[in-house]
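Scroll down for the structure; my scribbles are underneath it.
Letters go in sequence order (proteins before strands), and every chain restarts at 1. Being a predicted model, the structure only gives us computed values, none of them experimental.
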Amino acid sequence: MYNGKFILRFEDTDPKIKRPSLIFYDSIRQDLKWLGCKVDEEYIQSDRLPIYYEYTERLIRDGNAYVCECPPEEFRKKTLAKEPCPCRILSAAENLERWKRMLSGGYSEGQAVVRVKTDLEHPNPAVRDWPALRVIDTKKYPHPRVGSKYIVWPLYNLAAGLDDHLMGMTHIIRGKEHYTNMVRQKYMYEYLGWKYPEAIHYGRLKITGAFLSKSKIVQGIKEGIYAGYDDPRLGTFAALRKRGITPEAIKKMIIDVGTKSNDVTLSWENLFSYNRKILDATSNRYFFVAGHAKITVKNIPKIFNAKLPLHPEKPEKGFRQYSITPIGDENASFFYVAEKDITNMETGKIIRLMELFNVKIEEKAGNWAGATFASESYEDVRKSKAQLIQWIPVGEEYPCSIIMPDASVTEGYAESACKKLKPDAIIQFERFGFVRINEADEKLVAYYAHK
RNA sequence: GCUCCGGUAGUAUAGUCCGGUCAAGUAUUCCGGCCUUUCGAGCCGAAGACCCGGGUCCAAAUCCCGGCCGGAGCACCA
């Protein structure tokens, strides 16, 4: 939209607490690819430690950063009192020495940290002399990508702060939990003589009823509550993709929501509406009947050839065809219909098998209904507003399971034309909803998107 | 507790900086109608909101003060 460049940067500088897992690097690339976000450049911070070291040295040499040996509690006490800690007043030369020692393994975990100087009077104590790099025992906690090669690791503010400038970032758009990080980093930018990029901090994005919290998701999967990262109950991109939510719909919605600093709770309805707009124009239509209910139609006067358009407004998309040949003395034929439609039938009423013919309901018994042929023309029932229902000739059924958004499964039959569908196709089952095909082998397995 | 943000219909968003054209626009949702061989889509119509209280002003959703509510940060996490 603005001719910007898209840089993907992996911020994997914590081998201990937020230990990155190798598979995430690729799943993030996958999600972006699916979303249609073309990555122009990619950086991984764990490859860039020498760069961070170089700038750290410069900060120390200029007296704008120092190596602090204070235990955290000691430092906090000092900083809350707006007093410098003993390390802060050391000369640049002494600090440079400490820095060298830090790199060469002279300190173990927790014994030293590099701090960037700020205003000790800053009203927010969290800003005062923030930590920039610390020691990690990578023998004990090897980094998944670079192992035990480094023992001094940068914190977010140093690594991301330097990279934002070094990579030519013009705009930083990130969650509002990073607001104070901007305040902190601005001191460093000042020292380096750099201009801080435009920063926009947005609120948390939630979607009603979906779990987006990473730790909750991971835990749920571990406990077997969720089938995986793409469980339909989750709000992950993988889950949305599996459910047939298009990347275009997601993008439209995100752009619509914009960047406000208060939290937003998106409703599925809105997402579905964006999605439906896209899908309705493109998706082919097919018949699906939920359940295993049947209807018998007698007195069918001739052979019928039904030609059903794949899309009501786009005849060029083609058709599927079924031939109905009445058999036996009673000229009968048999169809699967939705259980719900049987329930709603009333004896004596006329209903229409869509695009086929009209029948009169004669009797009902549980999962079955008996009917007689009434007439062929749609015009006959148009004025009476007879119910139009989907049907599948017995013999043309294709067993089908549909995974619903709550992970329950709706069993039924799809029409045999669906055997040609490929996984990932998103279609509409008329009067049922949009679904994404997941498998089309012995049986059709689909994920329900929405009405 | 301290340091910051923010509060417009069910949901999301425009307008707020630079007061009037906002008796508040849009999308979605809901309701009614039209149309349609899907209870889908489309079309038409209707309903629905400026957190509260003061102040400034000819005039406040917009500016000021106070309150209430919500959120974020206060890590050798990102």
- Message: Which residue is it: A/Lys117, A/Arg88, A/Arg115? I am looking for the one with a side chain to side chain donor-acceptor pair (under 3.5 Å) to A/Asp129.
- Response: A/Arg88

- Phosphate-side-chain proximity, A/Arg285 and B/A41, N/O vs OP1/OP2 below 4.0 Å: no

- Do you know which two heavy atoms are closest between A/Ile437 and A/Ile427, and how far apart they sit? CD1-CD1, 4.0 Å

- Query: A/Ser323 and A/Phe304: side chain to side chain contact (heavy atoms under 4.5 Å, CB included), yes or no, with the steps?
  - Reply: CA-CA 6 Å; A/Ser323 180; A/Phe304 282 88; over 6 Å; no

- Message: Using a 4.0 Å heavy-atom cut-off, does A/His122 contact any base of the nucleic acid, only the sugar-phosphate backbone, or nothing at all?
- Response: nothing

- Note on the structure: Between CH2 of A/Trp391 and C1' of B/U37 the distance, given in whole Å, is 12 Å

- Query: Can you tell me how far P of B/A14 sits from CD1 of A/Ile255, to the nearest Å?
  - Reply: 14 Å

- Look only at the side chain of A/Lys317 and the backbone of A/Asn284, and say whether a donor-acceptor pair between them is shorter than 3.5 Å. no

- Message: By the definition side chain to side chain donor-acceptor pair (under 3.5 Å), identify the one residue from A/His311, A/Arg276, A/Arg285 that meets it with A/Gln428.
- Response: A/Arg285

- Note on the structure: Taking every heavy atom of A/Glu346 against every heavy atom of A/Ile361, the minimum-distance pair comes out as O-CB, 3.5 Å

- Message: Under 4.0 Å, counting only non-hydrogen atoms across every strand here, what does A/Thr208 touch: a base, just sugar-phosphate, or nothing?
- Response: nothing

- Do A/Tyr187 and A/His122 have a side chain donor and acceptor closer than 3.5 Å? yes

- Query: Mind checking the C1' distance from B/U28 to B/U21? Whole angstroms is fine.
  - Reply: 28 Å

- Query: Do we get A/Arg98 above A/Tyr66's six-membered ring, with its NZ or CZ under 6.0 Å from the centre and within 45° of the axis?
  - Reply: no

- Note on the structure: For A/Ser46 and A/Tyr150 the tightest heavy-atom approach is O-CE1, 4.1 Å

- Item | Base versus backbone protein contacts along nucleotides 43-51 of chain B [heavy-atom cut-off under 4.0 Å; B, S, -] | ---------

- Heavy-atom closest pair, residues A/Pro405 and A/Tyr448: CD-CD2, 3.7 Å

- Task: Write down the atom of A/Ala449, the atom of A/Arg243, and the distance for their closest heavy-atom approach.
- Result: CB-O, 2.9 Å

- Message: Rounded to whole Å, how long is the line connecting atom CZ of A/Arg204 with atom C1' of B/A12?
- Response: 18 Å

- Can you say whether the rings of A/Tyr25 and A/Phe10 are parallel (under 30°), tilted (30 to 60°) or perpendicular (over 60°)? tilted

- Does a nitrogen or oxygen in the side chain of A/Arg184 sit under 4.0 Å from OP1 or OP2 of B/C4? no

- Message: On the nucleotide B/U28, are OP1 or OP2 found under 4.0 Å from the side-chain N or O atoms that A/Lys277 carries?
- Response: yes

- Query: A/Trp391 vs A/Phe287 aromatic rings, parallel, tilted or perpendicular, using cut-offs 30° and 60°?
  - Reply: perpendicular

- Tell me which residues in residues 377-389 of chain A put a heavy atom below 4.0 Å from RNA chain B, sorted by number, or none. A/Tyr378, A/Arg382, A/Gln387, A/Leu388

- Would a 4.5 Å heavy-atom cut-off, applied to side chains only, mark A/Cys70 and A/Pro86 as touching? yes

- Task: Using a cut-off of strictly less than 4.0 Å, decide whether A/Arg128 has a side-chain nitrogen or oxygen near OP1 or OP2 of B/C74.
- Result: no

- So which nucleotide from B/G6, B/U37, B/U3 ends up closest to the side chain of A/Glu355? B/U37

- Looking at every strand, decide which applies to A/Gly258 at a 4.0 Å heavy-atom threshold: base, sugar-phosphate, or nothing. nothing

- Note on the structure: Note: for A/Asn124 and A/Lys206 on RNA chain B, the residue whose nearest nucleotide lies more 5' is A/Asn124

- Message: The side chain of A/Arg115 is closest to which nucleotide in this list: B/U38, B/C76, B/U8?
- Response: B/C76

- Message: Tell me whether the NZ or CZ atom of A/Lys277 lies within the 45° cone about the ring axis of A/Tyr274 and under 6.0 Å from its centre.
- Response: no

- Task: Compute both the distance and the angle, then confirm whether A/Arg58 meets the cation-pi test with A/Trp99: under 6.0 Å from the six-membered ring centre, within 45 degrees of the axis.
- Result: no

- Task: Give a yes/no verdict on a cation-pi contact between A/Arg184 and A/Tyr156, requiring under 6.0 Å between NZ or CZ and the six-membered ring centre and an angle within 45° of the axis.
- Result: no

- Query: Distance only, no hydrogens: is a donor on one side chain within 3.5 Å (strictly under) of an acceptor on the other, for A/Ser27 and A/Gln30?
  - Reply: no

- Message: What's the gap between B/C5 and B/C43 when it is taken at their P atoms, as a whole Å value?
- Response: 43 Å

- Pairwise P distance, B/G19 and B/C58 [rounded to whole Å]: 15 Å

- Message: I want to verify a distance call: between B/A12, B/G73, B/A14, whose nearest atom is closest to the A/Thr180 side chain?
- Response: B/G73

- Expected list for residues 143-157 of chain A near RNA chain B, using heavy atoms below 4.0 Å, is A/Pro154, A/Leu155, A/Tyr156

- Message: In this structure, how many angstroms lie between the P atom of B/U37 and the NZ atom of A/Lys314, rounded?
- Response: 18 Å

- Could you pull out the closest heavy-atom pair between A/Pro15 and A/Tyr141, with the gap in Å? CB-O, 3.7 Å

- Whole-Å distance separating the CZ atom of A/Arg76 from the P atom of B/C74: 11 Å

- Query: Tell me, which of residues 245-254 of chain A have any heavy atom that sits under 4.0 Å from an atom in RNA chain B?
  - Reply: none

- Query: Between A/Arg382 and A/Glu379, is there a salt bridge with N-O shorter than 4.0 Å?
  - Reply: yes

- Item | Inter-nucleotide C1' distance (B/A23, B/A60), Å rounded | 14 Å

Could you list all N or O pairs between the protein and nucleotides 29-33 of chain B that sit under 3.5 Å apart?
from	atom 1	to	atom 2	distance (Å)
B/U29	OP1	A/Arg276	NH2	3.4

- Could you label the plane-to-plane angle of the A/Phe434 and A/His450 rings as parallel, tilted or perpendicular, counting under 30° as parallel and over 60° as perpendicular? tilted

- Spacing of the C1' atoms in B/G67 and B/A59 (rounded, Å): 26 Å

- Item | Flag side-chain contact, heavy atom, 4.5 Å: A/Thr246 against A/Lys251 | no

- Message: What is the separation between atom CZ on A/Arg174 and atom P on B/A72, rounded to the nearest whole Å?
- Response: 17 Å

- Message: Using whole Å, what does the distance between atom C1' of nucleotide B/C69 and atom CG of A/Asn262 come to?
- Response: 13 Å

- Message: As a test of reading the structure: which of B/C4, B/U37, B/U38 is closest to the side chain of A/Pro312, going by heavy atoms?
- Response: B/U38

- P gap between B/A47 and B/G15, integer Å: 25 Å

- Task: Quote, to the nearest angstrom, the C1' distance that separates B/C34 from B/A46.
- Result: 15 Å

- What about A/Asp263, does its side chain sit under 3.5 Å from the base of B/A72 through a donor-acceptor pair? no

- Item | Between B/U37 (P) and A/Phe304 (CZ): distance, integer Å | 19 Å

- Item | Close approaches to RNA chain B from residues 7-26 of chain A, in residue order (heavy atom, under 4.0 Å) | A/Glu11, A/Thr13, A/Asp14, A/Ile17, A/Lys18

- From B/G71, B/G40, B/A12, nucleotide with atom closest to A/Val257 side chain: B/A12

